[in-house]
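Every number for a ligand or one of its atoms is a count from 1 in the order of the listing.
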Amino acid sequence: MTLRLFNTLTGQLDPLTPADGMALRMYACGPTVYDYGHIGNFRTFLQIDILRRALQLLGTPVRHVMNITDVDDKIIRNAAQAGMPIGDYTQPYIDAFFEDFESLRMERPEQIARATEHIPQMVALVEKLAAEGAAYKAEDGSWYFRLKSFPEYGKLSKKDLSGMEDGARVDVDEYEKDSARDFALWKAAKPGETSWETAIGRGRPGWHIECSAMAMEYLGESFDLHAGGEDLMFPHHENEIAQSEMATHKQFARHWMHVRFLLVDGRKMSKSEGNFYTLRDLLLKGYKASAIRLALVSVPYRHQFNFTFDGLAEATSAVDRLRTFHERLKAGGFAPGESSQMQEAARKAKAEYREALADDLNTAEARAPIFELIRAANTAIDQGECFAADSEAILEVLKDFDAVFDVLEDRDAEPTRRALAWAEKSGRMNEVTPELIAAQSLTDEGIEMLVAERSAAKKTRNFARADQIRNELAEKGVILEDSKDGVRWKRK
Ligand code: AMP
Ligand code: ZN
């Protein structure tokens, strides 16, 4: 099945297929590592994870490259303030990023590329642009891209840039979004700043050149898809197109995907507003990584996502419902045979699920038939109308679902444990909710012992003690489920 994805460049849904007939070559702008990733960043990365997983599920292998911006204005400024080399400053944030990446169960891109390890490729690109007459050196030794040399500038963001001034320049990484000016490809070294001695002078790369150079290094001059958050469309991606296409005279990326921004309670997330959350903040508040993942991916990528704690609670119970149902199927005990109704329900859910993903990654529409199937199957099981072959068929649908959403298996203990270890190390234990600390104080063995003691108490009709244990565990976030096969427990 071919996935149809909105293409910012053409303004329509285009089929997303590999030009080489083999693997879909995609580049996604990665993090700038001067701080911990926030949930807005992760919404974008998670939606790209959904894309790569959906492509694979529908039969297209991917070759996914993601960069790490480990040199830019902010990094240089912060490292200088901290009095350390930029590499020492960024390394903990790079490690933290990949830890978070794993906590949210994002698949590793096939290639991770650090900007500081690709300086020669960037320099070669600037030289090529200079030879094309599209780059010039300013008095201070910095190199700029001559916007007027690329008449198609603006074709991605569809901005009217007719008022752009020839020769007006900009050299900061972030600047006002509505002006188009010659942008810095290479910044001449300033005293005390990190710099490299190269054929085009001593200096450091501008932000945009890094993505062009690394994308072409690993994916070739022309590739299938380029992705990032919506803020990157202009000027970052527009600049990438200009400098890449001027250098190669080929189309850079055929398809452009932009993820809409995340808001918190309807407002822009910002530290000064007090509504700014990193993944770690949420883990320390006791939310599960799986629920955070499900919440951040369930609103389709082209819709604005409004993060709320109610939404996160909804995702938490959705994960619970999925897992409880999965356990119920895995527990087995179904009579041999099949019911045509359940077979049809499973077939329909799978088809609708895949169709929704193929339709511009509509994650909300993709979720719906799965939960509908769960409802129908639960009723059928209650009435003894779900048979062994039905259970198999439904498990197959869940496997499909999980190949993309990846929340069925309970792997939530590890991210929480890591977040707590980090909080302890960085003096942030005051941010941890008391319930979480209490729950962590109980080991699995400790819980098993209390559960066994409770069963023994019930046998001797000591119900007071049995209830006391149940309450004690509940306070620490452990829920007991009595069933005919004994007692099951789980952490909330
Ligand atoms: P940065 O680390 O700032 O370079 O950002 C990494 C990625 O996160 C980029 O693709 C950004 O577009 C994206 N991003 C930043 N803020 C948000 C947000 N509030 N919502 C969604 N994506 C965001
Ligand atoms: Zn980029």
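- Thr44 OG1, 2.7 Å is the protein heavy atom nearest to atom 22 (N) of ligand 1.
- Of the listed residues (Ile68, Leu296, Asn41, Asn67), the one carrying the non-hydrogen atom nearest atom 3 (O) of ligand 1 is Asn41.
- With Thr363 contributing its side chain and Val297 its backbone, the two residues share a donor-acceptor pair below 3.5 Å.
- Taking only nitrogen or oxygen atoms, main chain and side chain alike, Asp231 reaches within less than 3.5 Å of ligand 1.
- An N or O contact shorter than 3.5 Å is missing between Arg43 and ligand 1 by distance.
- Between Asp72 and Arg77, none of the side-chain N atoms (NZ, or NE/NH1/NH2) sits under 4.0 Å from a carboxylate O, so this pair counts as no salt bridge.
- Here His237 fails the criterion, with no N, O or S atom under 2.8 Å of the Zn ion (ligand 2).
- Rounded to 10°, the angle formed at the Zn ion (ligand 2) by SG of Cys29 and SG of Cys211 is 130°.
- Counting heavy atoms under 4.0 Å from ligand 1, residue Leu262 touches it through both backbone and side chain.
- For atom 2 (O) of ligand 1, the closest non-hydrogen atom on the protein side is Thr32 N, 3.0 Å.
- For atom 9 (C) of ligand 1, the nearest non-hydrogen atom of the protein is Leu232 CD1, 3.9 Å.
- Near Pro31, meaning under 4.0 Å from any of its heavy atoms, are these atoms of ligand 1: 2 (O).
- With Phe6 as the aromatic partner, Arg302 meets the cation-pi criteria of under 6.0 angstrom to the ring centre and within 45 degrees of the ring axis.
- Within ligand 1, counting atoms from 1 as listed, the ones closer than 4.0 Å to a heavy atom of His38 are 15 (C), 16 (N), 17 (C).
- Remark: distances from the non-hydrogen atoms of Val259 to ligand 1 are all 4.0 Å or more.
- Looking at atom 10 (O) of ligand 1, its nearest protein heavy atom turns out to be Gly229 N, 3.0 Å.
- Cation-pi check for Lys137 over Tyr144 is not met; the charged atom does not lie both under 6.0 angstrom from the ring centroid and within 45 degrees of its normal.
- A salt bridge is defined here as a Lys NZ or Arg NE, NH1 or NH2 lying under 4.0 Å from an Asp or Glu carboxylate O, and Glu110 with Arg63 fails to meet this definition.
- With a heavy-atom cut-off of 4.0 Å, Met269 does not touch ligand 1 at all.
- The cationic group of Arg204 does not satisfy the cation-pi geometry with Trp196, failing either the under 6.0 Å distance to the six-membered ring centre or the 45° limit from the ring axis.
- Proximity of a side-chain donor or acceptor of Arg4 to a complementary backbone N or O of Asp360 within less than 3.5 Å is not detected.
- Aromatic ring orientation, Phe405 versus Phe401: parallel (interplanar angle below 30°, classes split at 30° and 60°).
- No hydrogens or angles considered: nothing links the side chains of Ser290 and Arg411 as a donor-acceptor pair under 3.5 Å.
- Ligand 1 has at least one atom lying under 4.0 Å from a heavy atom of Phe45.
- In this structure, His208 and Phe183 have perpendicular ring planes: the angle between them is above 60°, well past the 30° mark.
- In this structure, the protein non-hydrogen atom closest to atom 21 (C) of ligand 1 is Gly40 O, 3.0 Å.
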